[in-house]
2 protein chains.
Amino acid sequence: MTQKDNEKHFKEKIKAIQDTMFVLGGKWKLPVILSIYSGNKRFNDIAGSIPGITNRVLSKELKHLEENLLIRRDVINDYPVRIEYTITDYCLTTEEVAAPLEKWGKTHRKKLHGKL
Amino acid sequence: MTQKDNEKHFKEKIKAIQDTMFVLGGKWKLPVILSIYSGNKRFNDIAGSIPGITNRVLSKELKHLEENLLIRRDVINDYPVRIEYTITDYCLTTEEVAAPLEKWGKTHRKKLHGKL
DNA sequence: GATACCTGTATCCAAAAGGATACTTAATCC
DNA sequence: GGATTAAGTATCCTTTTGGATACAGGTATC
């Protein structure tokens with residue numbers, strides 16, 4: 001492999017990571033997915049399950065996740081009109097990302113402060 | 001397992017992910033690690049290898065990574081005084097996070113726009 | 001028609017992240 | 001003492017992300 005090939009691969013690697021960070025990065029996106037995955041379907045339930053999130057932020061994150069085909073928003077027409085969020089099949093692939101992040105976060109905490 | 005246990009686990013999961021995001025998240029941290037890992041040791045080499053990064057941002061990221069025990073900064077005393085950045089052994093564990101992020105980013109790009 | 005319930009949006013603001021670019025410092029060579 | 005080279009800082013700015021809080025809009029019940 002030439003030097004140029006190496007550089008090309010390196011830059012593609014960077015781009016792929018930055019893409020993932022755009023879609024799943026930030027403080028809230030994976031927590032929102034996990035919350036829905038673990039059974040919360042409705043806006044206020046999701047909001048209540050994630051410590052510190054506000055309405056405005058949750059609303060934005062839900063839209064972002066819907067645009068990226070990770071969740072679905074269904075309107076249920078009984079009283080009162082309910083909205084149900086569910087994760088898509090595709091969303092299950094994010095587990096490949098979430099699990100390593102969770103694991104690394106736990107070991108890093110130990111590494112830095114001993115155990116807490 | 002009780003409902004309370006479930007909630008506790010859920011919140012710990014969230015916290016672990018948010019911790020990782022703090023240390024490795026954002027646009028530049030993993031790219032900087034990868035650059036050093038792939039052989040760049042000096043400030044200007046690292047800067048040159050990562051498209052779009054600026055001096056100021058790189059400087060901040062290097063400090064952040066050093067504080068988190070992921071890279072080491074060595075002063076080499078010949079002329080002109082050189083600084084060498086190297087990744088620590090501990091840093092190798094970030095591959096467990098970087099590889100899935102890279103993989104997911106690539107498949108997601110296909111999912112969204114067909115292949116590009 | 002007042003009330004209550006639910007899903008958000010509107011408005012305004014604060015903090016963090018990222019960016020452009022000039023400059024400093026320090027050594028050594030000539 | 002002027003030129004060169006390297007690492008990073010200083011300054012100022014823009015963009016993105018996150019946060020607090022009020023309340024709109026629709027419907028059904030009382």
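Order of the sequence lines sets the chain letters (A, B, ...), proteins ahead of strands, with each chain counted from 1. Every value quoted in this text rests on a predicted model; they were computed, and no experiment measured them.
OP1 or OP2 of D:dG8 has at least one side-chain nitrogen or oxygen of B:Tyr85 nearer than 4.0 Å. Neither OP1 nor OP2 of C:dC6 sits under 4.0 Å from any side-chain N or O of A:Asn44. Here B:Arg82 does not reach the OP1 or OP2 of D:dT5: none of its side-chain N or O atoms lies under 4.0 Å away.
Rounding to whole angstrom units, CG of residue A:Leu65 and P of C:dG8 are separated by 13 Å. When the C1' atom of C:dC6 is taken as reference, atom CZ of A:Phe43 falls 10 Å away, rounded to whole Å. In this entry the distance linking CD of B:Glu84 with P of D:dG8 reads 12 Å, nearest Å. Per the geometry, CD1 belonging to B:Ile76 stands 18 Å off C1' belonging to C:dT28, to the nearest Å. Across the protein-nucleic acid pair, B:Asp45 atom CG and D:dT5 atom C1' stand 13 Å apart, rounded to whole Å.
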Derivation and outcome, side chain to side chain donor-acceptor pair (under 3.5 Å), residues B:Trp104 and A:Thr93: CA-CA 8 Å; B:Trp104 198 89; A:Thr93 65; 3.1 Å; yes
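Remark: A:Glu84 engages A:Arg82 in a salt bridge, criterion side-chain N to carboxylate O under 4.0 Å. A:Lys63 has no carboxylate O lying under 4.0 Å from a charged side-chain N of A:Glu67, or vice versa, which leaves the two without a salt bridge.
Using a 4.0 Å cutoff on non-hydrogen atoms, no part of residues 14-30 of chain A comes near DNA chain C. Of the residues in residues 46-63 of chain A, those with a non-hydrogen atom less than 4.0 angstrom from any atom of DNA chain C are A:Asn55, A:Arg56, A:Ser59, A:Lys63.
Enclosure of atom CG in A:Asp74 by more than 12 non-hydrogen atoms of other residues, nucleotides or ligands within 6.0 angstrom is indicated.
The distance between the ring centers of A:His64 and A:Phe22 falls below 6.0 angstrom.
Interatomic distance, NZ of A:Lys60 versus CG of A:Leu58, reported as 12.5 Å (0.5 Å rounding). Taking NZ of A:Lys29 as the reference point, atom CG of A:Leu62 lies at 11.5 Å (rounded to 0.5 Å).
Of the residues B:Asn40, B:Leu30, B:Ile53, the one that meets the side chain to side chain contact (heavy atoms under 4.5 Å, CB included) test with B:Ser35 is B:Asn40.
Within the 4.5 Å cutoff, the side chain of A:Ile36 has no heavy atoms near those of the A:Lys41 side chain.
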